[in-house]
Amino acid sequence: MTLMPGPATRNASPRGWLLITNIGQLLTLGSGRLDAGPRRGDDLKELGIVSDGAVLCVGGKIVSVGTTKDALRDSWIRKHRKELTEIDCAGKVVIPGFVDSHTHPVFVSPRLVDFEKRIEGASYEQIADAGGGIRSSLEAVRNATKTTLERKLLDVLQDMAAYGATTVEAKSGYGLTVESELKSLEAIRKAASTWPGTVVPTLLGAHVVPKEFQGCSQKYVEIVCKEMIPRAARRSLARFVDVFCDKGAFTPEETEQIFAAARGHGLSVRVHVGQLSETALGPLLRFDPASFDHMDHVNDNDVRQLAKRNTVVTLVPGANYFLGLKTYPDARRFIDAGVPVALATDYNPGTSPTVSMPMTMSLACTQMKMSPAEAIAAATINGAWALHMADRKGSIEPGKDADLAVFDVEDYREIPYWFGAKRCEMTILNGVIASHH
Ligand SMILES: [Zn+2]
C-alpha cells in the first residue's frame with residue numbers, strides 16, 4: 001500500500017477536501033434511518049445505488065452524496081474546485097469501506113503444521129492435543145517484543161485495506177497472561193495510531209484455558225476478571241471483551257462471569273459461540289452482546305429471540321472453508337427469520353488466514369446462499385452495527401467518516417464473483433487516500 005501517491009498527492013488539499021466523481025455505481029447503503037437498527041430481512045438487500053455518483057469529503061468526513069451532475073452544479077464545489085483533490089471513478093464501483101468486525105491479527109507465525117496435519121485428517125481437538133492449535137501461537141507472542149507485534153499488525157492492516165477494509169476489529173488472545181495480553185493490546189493501539197483506518201480493540205483473554213491452568217480453569221477466569229479486564233479498562237486499551245464459549249474452551253457459566261466483570265468495568269461484550277457445539281443463548285443475551293460470532297449450531301428458539309434483538313450474528317465462512325468443513329452456518333435461516341447478520345474474515349493463523357473481505361463475501365454467496373447485495377450490506381453497515389459504530393461507519397452518508405473503497409469493476413456483483421482476485425484499487429480511510437495498484 002502506498003499512501004497518497006501520484007497526481008492525487010500533488011493536488012492534495014491539506015484540509016482533506018476530496019471530490020470523487022463519475023462513479024459508475026455508487027453503493028451508499030444509506031437508509032437515512034439510523035435509529036432503525038441493523039439491517040434484517042429484505043432490508044439487507046437495500047444498497048442505495050446512485051449511478052454516475054459523486055461524494056464530497058471534508059476533513060475526514062462525508063459532506064454530500066449524490067450525482068456528479070448535481071455535485072458539479074453545487075455553488076460551494078464550483079467556488080472551491082481548484083482546492084479539491086478530485087478522483088475520477090468513471091466505470092468503477094465505490095462502496096463503503098468494509099467493516100471487518102472479527103479478526104485475530106496479533107500473532108507471530110503462520111501455523112503450517114496445523115495446516116498440513118488437518119489435510120492429513122487430524123481433527124481440531126487432535127491438533128490441539130498434539131500441541132498445535134491456539135496454544136502453539138502462545139509462546140511466540142509471549143516472547144515477542146511489542147514492536148515486533150506492532151509491525152506485523154501494521155502490515156496486516158495495510159493488506160486488509162488493499163482488499164477494501166477501512167475499519168477492523170482486532171482481538172488480543174494469543175498471549176493469555178496478564179502481561180502478554182496487555183502487550184498485545186498496546187501493540188494494537190500503537191499500530192492503530194499509524195494506520196489511517198479505524199481499529200477497534202477487543203480483549204480476548206478468554207480465548208482458551210492456557211496449559212498452566214488446565215483442570216483449574218476457574219483460577220484463570222479469576223485472572224481474566226480481576227486483573228486483565230480491570231487493567232485493560234483502566235487504560236482504555238479495549239472497547240470490547242470477547243470469550244470463546246464452546247466445548248474445549250470456556251463454559252457458559254464462566255462466560256457469564258467474564259461478561260459481568262466486563263460490564264462492571266464499562267466494556268461491551270461479544271462472544272465466539274456455537275462453532276463446535278450448541279450453547280443456550282438466553283443467559284448470555286442478558287449482557288446485551290454486540291455480536292454472537294460463528295453460530296454454526298443454534299436452536300430455533302434462540303433464532304426467534306435474536307430476531308427481536310440488535311445483537312448481530314457475525315458469520316465467518318473463511319473458517320469453515322479453511323477447516324475444509326462440508327457445512328457452513330445457515331445464513332438463510334437467520335436472514336429469513338429477521339436476525340441481523342454480518343460477515344467478517346476471522347483473520348487468524350489457525351483457522352482463517354485471510355485478509356480478504358471479498359473472498360469472505362464470495363464464500364457467503366456460494367456456500368451460504370446469500371445474494372451479492374446481502375453480502376455487501378453484511379460486510380459494511382451490519383459490521384458497523386456489530387461494533388456499535390453505525391453512527392460513524394458502514395454507509396456513505398453525510399456526517400459519517402470518509403471511509404470508501406473503489407473497485408475496478410463495473411457492477412458490484414463482480415466483487416464476490418471474481419473470487420480470490422484483488423479488484424480493490426483504492427481505499428479512502430478517514431479521508432486519507434491509499435492506492436493499491
Ligand atoms: Zn475468532
Side-chain angles (χ1 to χ4, degrees), residues 1-3 27 29 60 62 93-106 152-171 188 191-202 239-240 291 293 312 314-319 342-348 352-364 372 375-390 392-396 400-409 412 415-416 418-437:
M1 180 176 88
T2 348
L3 292 182
L27 275 54
L29 276 290
I62 295 163
V93 171
V94 173
I95 67 170
F98 293 126
V99 178
D100 192 348
S101 59
H102 181 146
T103 86
H104 305 251
V106 191
K152 293 222 165 234
L153 184 52
L154 191 56
D155 283 348
V156 172
L157 292 169
Q158 287 171 343
D159 278 353
M160 287 172 166
Y163 285 85
T166 53
T167 299
V168 174
E169 185 256 14
K171 305 177 198 293
I188 292 171
S193 70
T194 309
W195 191 54
T198 303
V199 179
V200 179
T202 294
R239 289 261 308 274
F240 290 95
S291 176
D293 297 32
V312 174
T314 301
L315 304 174
V316 291
L343 285 170
T345 60
D346 192 16
Y347 174 76
N348 79 79
S352 189
T354 181
V355 294
S356 172
M357 285 295 277
M359 181 67 198
T360 303
M361 287 162 52
S362 191
L363 291 171
I376 295 229
T380 54
I381 187 67
N382 274 10
W385 277 101
L387 295 179
H388 290 167
M389 291 186 95
R392 283 175 51 197
K393 306 289 184 185
S395 64
I396 302 175
K400 286 207 176 182
D401 294 344
D403 289 344
L404 299 94
V406 181
F407 280 83
D408 187 16
V409 293
Y412 74 87
I415 298 171
W418 300 111
F419 75 92
K422 197 184 82 58
R423 294 301 180 107
C424 179
E425 63 167 37
M426 177 185 280
T427 36
I428 294 159
L429 310 101
N430 290 304
V432 176
I433 299 167
S435 173
H436 311 298
H437 285 294

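Looking at heavy atoms from C-beta onward, V99 lies in side-chain contact with L387 at the 4.5 angstrom threshold. Taking the side chain as every heavy atom from C-beta outward, V409 and I415 approach each other to under 4.5 Å. Between T167 and D403, the closest side-chain pair of non-hydrogen atoms falls below 4.5 Å. Proximity of H104 to D346: side-chain heavy atoms (C-beta onward) are separated by under 4.5 Å at one or more points. At a threshold of 4.5 Å between non-hydrogen side-chain atoms, the residues K393 and D401 count as touching. Using a 4.5 Å heavy-atom threshold, the side chains of E169 and D100 count as separate. Taking the side chain as every heavy atom from C-beta outward, T314 and N382 never approach each other to under 4.5 Å. Looking at heavy atoms from C-beta onward, L343 lies in side-chain contact with P317 at the 4.5 angstrom threshold.
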As a quick check of understanding, evaluate side chain to side chain contact (heavy atoms under 4.5 Å, CB included) for I396 and I62, giving each step before the final call. CA-CA 7 Å; I396 302 175; I62 295 163; 3.9 Å; yes

Take V93 and I95 through the test side chain to side chain contact (heavy atoms under 4.5 Å, CB included) and record every step on the way to the result. CA-CA 7 Å; V93 171; I95 67 170; 3.8 Å; yes

For side chain to side chain contact (heavy atoms under 4.5 Å, CB included), just list the numbers for I188 and L153, CA-CA rounded to whole Å, side-chain angles, deciding distance to a tenth of an Å, and then say yes or no. CA-CA 7 Å; I188 292 171; L153 184 52; 3.6 Å; yes

So W195 and V168, side chain to side chain contact (heavy atoms under 4.5 Å, CB included) or not? Walk me through it. CA-CA 11 Å; W195 191 54; V168 174; 3.9 Å; yes

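Here the closest heavy-atom approach between residue A170 and residue V199 is recorded as CB-CG1, 4.0 Å. Minimum heavy-atom separation, K400 to R392: CB-O, 3.5 Å. Scanning all heavy atoms of the two residues, the minimum distance from P196 to N430 falls at O-ND2, 3.0 Å. Heavy-atom minimum distance, T345 versus S352: O-OG, 2.8 Å. The heavy-atom pair separating T380 from G97 by the smallest distance is CG2-O, 4.1 Å. The minimum heavy-atom distance linking P416 with S362 is given by the pair O-OG, 2.7 Å.
Judged by distance alone, the side chain of H436 and the main-chain N or O of A161 form a donor-acceptor pair under 3.5 Å.
Interatomic distance, L404 CG to L27 CG, rounded to the nearest 0.5 Å: 11.0 Å. Atom OG of residue S356 and atom OH of residue Y347 lie 12.5 Å apart, to the nearest 0.5 angstrom. We find the CE-OG1 distance between M357 and T166 to be 9.5 Å, quoted to the nearest 0.5 Å. Distance check, rounded to the nearest 0.5 Å: CD of Q158 to CG of L429 gives 10.0 Å.
In summary, the side chains of N348 and T103 do not present any donor paired with an acceptor at a separation below 3.5 Å, with no hydrogens or angles considered.
Of the candidates T354, T427, T360, V355, Y163 forms a side-chain contact (heavy atoms from CB on, under 4.5 Å) with just one, namely V355.
The aromatic rings of F240 and H388 sit tilted, their planes meeting at an angle between 30° and 60°.
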